[in-house]
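Here the structure comes first, spelled out in structure tokens, and everything after it is commentary.
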Amino acid sequence: MNRQNTRKSLFLTTTNRCWCRPTLKRPGNVQSSQQKFSISTPPLSSIILPMSASVSPLRAPTGSPQFPKLEKEVLEFWEDNGIYQQSLDRRADGPQFVFYEGPPTANGMPHPGHCLTRSIKDVFPRYKTMQGFRCERKAGWDTHGLPVEVEVGKELGIHSKEEIEAYGIEPFIQKCQSSVWRYMQQWQTLTQRLGFWVDLDEAYVTYHQSYVESVWWSLKTLFDRGLLYQGHKIVWWWAQGGTALSAGEVGQGYREVADPSVYVLFPLVDHPGRSLVVWTTTPWTLPSNMYAAVHPTAVEYSVVKDEETGQELVLASALVETIAAKLKRELPVVETVSAESLIGQRYEPPFPDFHQATGDPVGKLVGGETQSKYWRVVAADFVTTESGSGIVHQAPAFGEVDYDVLIDQQKLFVDGDGPELLCAVGPDGKFTDAFAEMKGVWVKDADKPISRKLKENGRLLFLEQYLHDYPFCWRASEDPLIQYPRESWFVRTTEFKDEMLANNAKIGWQPGHIQDGRFGNFLASNVDWALSRERFWGTPLPIWVCQETGQMEAIGCYDELLAKPDVQGTEVWAKAKAENPELVDDLRVHKPYIDAVTYASPFSDGARMQRVTEVIDCWYDSGAMPFAQWGYPHQNADRFLDQFPADFISEALDQTRGWFYSQLAISTMLFGKDSPNPIAAKDGLETPKYDYPHPFRNCIVLGLMLGEDGKKMSKKDKNFREPNEIFDKYGADALRWFFFSKQTPWTAIQYKEQAIKDSIPEFLLRLWNVFSFLTIYAEIDGFDPTTATAADDQLSPSSLASAPGYRDASERSEIDRWILSELNQTIATVTERMDALDNYNACRAITGLVDGLSNWFVRRSRDRFWAKDTDSQDKNDAYWTLYESLLEVTKLVAPFVPFLSETLWKNLTSPFSESVLGSVHLCDYPKPIQDRIDPELSESMHLLREIASMGRAARAEAKLKVRLPLSQVEVVLTDDSRIDWLKQHDDLVKEELNVKTVDYTTEADKYVQYTVVPNFKRLGPKVGKQIPAVKKALAEADGNDLLQAMQRDGKVTLELPGGSVDLDDQDIEVRLQAREGWAAAQGSRCVVVLNTEVTDELRREGIAKDLIRTIQNQRKEIQCEYLDRIEVAVETDMDEVILAIKEHGDQIANETLADTVTLGTLPDVDPIENEYGRVFVRRSSSSPASGGES
RNA sequence: GGGCGUAUAGCUCAGUUGGUUAGAGCGCGUCGCUGAUAACGACGAGGUCCCAGAUUCGAGUUCUGGUACGCCCA
């Protein structure tokens, strides 16, 4: 009894903590788990152990697995034993697989989309680690930028720049710094709960001083190479708030509004009485007009006569009628003119202010001639005839495309003699002195007076209201945004366009179309990177300006700054720190402290150098991550050199213009072929040049995640489940498996609770059930894997061979060799797919294997496990095959479902105690054993399964249920090559189909009709255009004759209109079709024909089987244990039932563990009625559990 | 307005270099199994592969043009 008590304890802990070894830190002991978890299954004391068997150390799990609970235990185990660190340590000397973490911002809550990226980011490093690679995973956090400022602003109840300044930049920045970590806890919990192994403790942080200084170094490098410059950028400007808005913010604020739409006349200087018709929806921009644009080729222009005013108007021919209709009068065409003839013509601007102020100057062209700087017709290919007049008003100050026109114009002139930007509006959105008559008027209030003024001057042809979408400030919804020019710093990325394209061409993109599609196109249309931001919380642009001469220099790190002559202003930081010692030191390189630091100008005696005010685009921060995460070059040069470039990164599609670009651009500029190999700040350290691609070699671009309804996920619509809810209900493995196996990662994924839930029965539970099956019978039979005395620490197949009961795979039965072949083939496929970063097809292969294991190997092997002789070699083979397969599958799935695999590993290896690796994640990934792969066997088994399947189809068709035995099936095949093999497996087919005999044949004219079809793939190249004729000839000929001819001569000759053609047996395919009148079913390669004659004898056997089923059901009903004995009685008045019981009573008793099977009734037992009578079942008095149990 | 992508069974998605019978899972239906049982198996129904044209002996697959949806940019 002692023994049984011990066993009971072990058993209880099986699904819980049995794998917490004494050597491990955690005191996982039996008592605590007993208290913690209740067990619903009856105790094992009711099981009688077979006398001959040893006690198996394997334990069956109790009840159904609760994956979330198991996962939490695994998490604790990992945590307590530092498994992740161990997995890295084991590979310290391995080859390198470099992974970069694209930094998320911890300033917002993590959502399901992050689960996807983090799952994908996890699976490949795990896989590579198991493959023996050293794969470090440094986490990172993106901490700068406007979103952070906005969050803080909300908290403070302020939003405009002025308000922030009034509040104080210093306290504001301090709040930003602490706000960055607001959701840190949630992020860490999610990361850990999902099983994403990453070094959170070592994370790089973009606001850290070392990080900022790396960024400074790179900017200094660019500055010194002349790649940083100042220019104008047209931005969406919130005039009231005094700030520019990012594209994303602008996108949020579009509203449909009605604006005045005016058709304005621009009289041509050299054609009195003739005017251009120019269209605009922003009349307030007209005082700043500089040009009128026409399309140089695609648009034809007409001169029409406005008979009401007598004027001649120039406009696009295609729009004459439209405008005539608006004016409600005819506009007869005088002549058509080419755009060519219009270009260069001068006109009178709509308002004279700038004309007078500038004196309508002339400038010197690059070619040596001269030309007027302003108020000419110019060419622009964005001009269309979709709306307006086909001639577009150009106010470069208020439109990005207009601005580009100005840039193009400036390029025509010699330096310094080109047109200036004309702008009559101040940053506050009000007119300046440049348009004196409306000085101080908010531009949007000026539309009406301006229109009125135009009308007074006879310049207004027509005015109407125009409905369109226009952006408003998302924080102050009444404020319309305007486009406005701001001074900005740019990086001259356009100079590196070709290099970036060359770099891109070498990157392994997944999916491939990103390369030449979205990303390639983006690079091809590269514009200089607008780097600066007029904000507060960001990496300060490290450029100091001489207050006297305006000359500048860049600074590469804080110490470099301090080493400058006569440094002043550092006391601002010192004072702040003294007042509040809690302040993190990293703030000293941020505004406002850094702004206070000045030094003596080297350019002018007595002058001071002062930093420019801007911070930089936080995309630059993240793009600098390959070197900045290490603080390179100021420190850790070896780490950088070691970890560059990355082998693998992955983010969602929205990073195309974000992190993917910023990384590639920065890396190409700093480390590309044409970079001049600058000397890094660290002594003698030379910045390396790298062959493309860098900084990442491969990138999986993930699709966007959509909500349950296929729309964008939105908290408001509640169209998705929170990750934590999923984890609690189904577990992280279910979610991961959903991501990896349900679709290619780049498709837009619908995040569906049901689909995640489905992972459980489809995969997790199915695998679990195989494991459960093994342990149930291992326990009963005493299967003991530790008899493999030479087993190594990961129980590799070869080392298990040391067990006495272990036979070489080649000696085992077909089904064993088959599943081992499938296993090894799958290992080969999964490895090949994962090396190609193709998780989807790797998962498909795994699914197929687990299906084969569960639905064919286990199913077909059940009676081997149930065999009475516990020591039979076949039974041993079955155990070893299943045990070994499960071990290997566990390793195979470990990167995908790290929790389940860990639990399985723990349970499967528990008998070995500490001689085996404590975690599956420390194991080597399985390697295919080539000589166990048997494609021929695989193919044959496939055929066998098809035969079984067809047999069942035929039965269903003939309405002959499987329990009713039949005398014979005949299997007709297209060729005889596998008949011998199939004959050896008669038993299997007989059992699957419940028939007495199986016959195979290739000649069965009586049952089937042969048809011969061409093998198009082969014949296509051979006979080309004659294919239709071949097809027709084969279809018309008699298949059976053709086949005979083929078997006789080895070829068939067809007479065709174009000559005769010889076909060999490879050129054709033979197909079978069952003839009418047989209980037959046809598959692709076989026809299965049933003998439907049911003799009395067969019928009685069927009755016996039906009874067995009824009794088995009842066993369960009365809650019998596995090995309980029962008594059975059947009451019937049907003679053939009585006879059936007489004939098959032993079999019935045998299969149902009945001591007696009698005719009649049993007292005090409720019978079950069935078609044969009443069946009585009760637990036998000889049953061990009957004595007062339960 | 431009770029990119997607469109295949009721749903979610695969489909390699063109090869003539387009697959999977789920769902549905029918049947079966019943000591892996909060499982399992078999079979079945269900598809003008978005539309139109082109190339080809042959197109879900290549090309052109459209339509719808999504994303990015303007």
Side-chain angles (χ1 to χ4, degrees), chain A residues 60-61 63-66 247 250-251 382 384 386-387 399-401 511 513-514 516-522 524-525 652-654 656-658 703-704 706 710-712 738 741-744 746-750 752 754-755 757-763 765-766 768-777 780 840-841 844 847-848 851 854-856 858-859 862 865-866 948-957 959 961-963 992 1013-1021 1023-1031 1069 1071 1081 1084 1105 1108-1110 1112-1113 1115-1116 1120-1124 1151-1153:
Chain A
S64 314
Q66 290 169 37
V250 175
F382 55 77
T384 69
E386 296 279 315
S387 55
E400 212 169 332
V401 288
H513 60 72
I514 298 289
D516 295 323
R518 197 176 275 224
F519 197 65
N521 285 341
F522 177 62
S525 59
L653 188 65
D654 55 4
T656 311
R657 288 147 193 261
L704 268 92
L706 306 171
K711 291 181 187 144
K712 235 179 177 168
F738 163 72
S741 70
K742 289 286 159 109
Q743 61 271 305
T744 52
W746 46 85
T747 45
I749 294 174
Q750 269 197 48
K752 264 201 167 149
Q754 184 59 43
K757 189 180 172 183
D758 287 343
S759 300
I760 293 177
E762 279 169 26
F763 181 70
L765 193 56
R766 184 176 282 181
W768 180 272
N769 281 338
V770 176
F771 155 73
S772 164
F773 179 90
L774 169 77
T775 51
I776 286 173
Y777 292 102
I780 292 172
Y840 175 75
N841 283 298
R844 278 167 59 110
T847 305
D851 181 65
S854 167
N855 291 336
W856 195 245
V858 169
R859 194 161 76 89
R862 268 194 276 214
F865 291 97
W866 297 340
S949 164
M950 288 306 113
R952 276 185 290 258
R955 265 185 177 276
E957 179 74 19
K959 299 199 191 310
K961 59 185 175 183
V962 182
R963 234 179 284 126
E992 283 287 310
V1013 295
N1015 177 351
F1016 288 99
K1017 197 161 189 172
R1018 196 175 144 98
L1019 278 177
V1023 304
K1025 297 197 178 196
Q1026 294 209 73
I1027 278 218
V1030 172
K1031 186 178 174 183
E1069 278 173 38
R1071 288 187 185 149
S1084 58
K1105 281 186 191 281
I1108 289 172
R1109 186 223 165 160
T1110 307
Q1112 295 286 38
N1113 246 357
R1115 275 186 68 103
K1116 215 170 79 183
C1120 283
E1121 285 302 318
Y1122 289 97
L1123 299 174
D1124 282 354
E1151 292 194 17
T1152 61
L1153 296 185

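Just so we're on the same page: letters track the sequence lines, and every chain starts at 1.
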Whole-Å gap separating [atom2] ([N]) and [atom1] ([X]):
{"X": "A/Ile514", "N": "B/C71", "atom1": "CD1", "atom2": "P", "value": "15 Å"}
{"X": "A/Leu704", "N": "B/U6", "atom1": "CG", "atom2": "P", "value": "14 Å"}
{"X": "A/Ile760", "N": "B/A39", "atom1": "CD1", "atom2": "C1'", "value": "14 Å"}
{"X": "A/Asp654", "N": "B/C4", "atom1": "CG", "atom2": "P", "value": "19 Å"}
{"X": "A/Asp758", "N": "B/C26", "atom1": "CG", "atom2": "C1'", "value": "6 Å"}
{"X": "A/Asn1015", "N": "B/U20", "atom1": "CG", "atom2": "P", "value": "9 Å"}
{"X": "A/Tyr777", "N": "B/A36", "atom1": "OH", "atom2": "C1'", "value": "7 Å"}
{"X": "A/Ile1108", "N": "B/U34", "atom1": "CD1", "atom2": "P", "value": "9 Å"}

In the strands shown, is [N] matched to any nucleotide by a Watson-Crick or G-U wobble pair with both distances under 3.5 Å, and which?
{"N": "B/G1", "value": "B/C73"}
{"N": "B/U34", "value": "none"}
{"N": "B/U16", "value": "none"}
{"N": "B/U56", "value": "none"}
{"N": "B/C50", "value": "B/G66"}
{"N": "B/G10", "value": "B/C26"}
{"N": "B/A39", "value": "none"}

Nearest of [options] to any side-chain atom of [X]?
{"X": "A/Lys1017", "options": "B/C26, B/A36, B/U17", "value": "B/U17"}
{"X": "A/Phe773", "options": "B/A14, B/C71, B/A36", "value": "B/A36"}
{"X": "A/Asn769", "options": "B/A36, B/C40, B/G3", "value": "B/A36"}
{"X": "A/Arg518", "options": "B/C57, B/C72, B/A42", "value": "B/C72"}
{"X": "A/Gln743", "options": "B/C13, B/U37, B/U20", "value": "B/C13"}
{"X": "A/Arg766", "options": "B/G41, B/G3, B/U20", "value": "B/G41"}
{"X": "A/Ile776", "options": "B/U37, B/A14, B/A42", "value": "B/U37"}
{"X": "A/His513", "options": "B/A36, B/G5, B/C26", "value": "B/G5"}
{"X": "A/Pro1028", "options": "B/C57, B/C26, B/G3", "value": "B/C57"}
{"X": "A/Lys752", "options": "B/C4, B/A14, B/C11", "value": "B/C11"}

Base, sugar-phosphate or nothing for [X]? Non-hydrogen atoms, less than 4.0 Å.
{"X": "A/Val858", "result": "base"}
{"X": "A/Arg657", "result": "sugar-phosphate"}
{"X": "A/Arg844", "result": "sugar-phosphate"}
{"X": "A/Tyr840", "result": "sugar-phosphate"}

Checklist entry - For the residue pair A/Phe771 and A/Trp768, does the interplanar ring angle fall in the parallel (under 30°), tilted (30 to 60°) or perpendicular (over 60°) class? => result perpendicular
Next on the checklist: Using 30° and 60° as the class boundaries, would you call the ring planes of A/Phe865 and A/Phe773 parallel, tilted or perpendicular?
Outcome noted: perpendicular
Quantified in whole Å, what is the [atom1] atom distance between nucleotide [N] and nucleotide [M]?
{"N": "B/C63", "M": "B/G70", "atom1": "P", "answer": "25 Å"}
{"N": "B/U6", "M": "B/U12", "atom1": "C1'", "answer": "14 Å"}
{"N": "B/A22", "M": "B/G44", "atom1": "P", "answer": "15 Å"}
{"N": "B/U21", "M": "B/C73", "atom1": "P", "answer": "47 Å"}

Next on the checklist: For A/Phe1016 and A/Thr744, find the nucleotide of RNA chain B closest to each by heavy atoms; which residue's nucleotide sits nearer the 5' end?
Outcome noted: A/Thr744
Checklist outcome for this item: Of A/Asp851 and A/Gln66, the one whose nearest nucleotide on RNA chain B sits closer to the 5' end is A/Gln66
Next on the checklist: Tell me whether the side-chain N or O atoms of A/Arg859 pair up with the base of B/C40 as donor and acceptor below 3.5 Å, since no angle test is needed here.
Outcome noted: no
Item to check | Distance-only donor-acceptor test (3.5 Å): side chain A/Thr847, base B/A24 | outcome: no
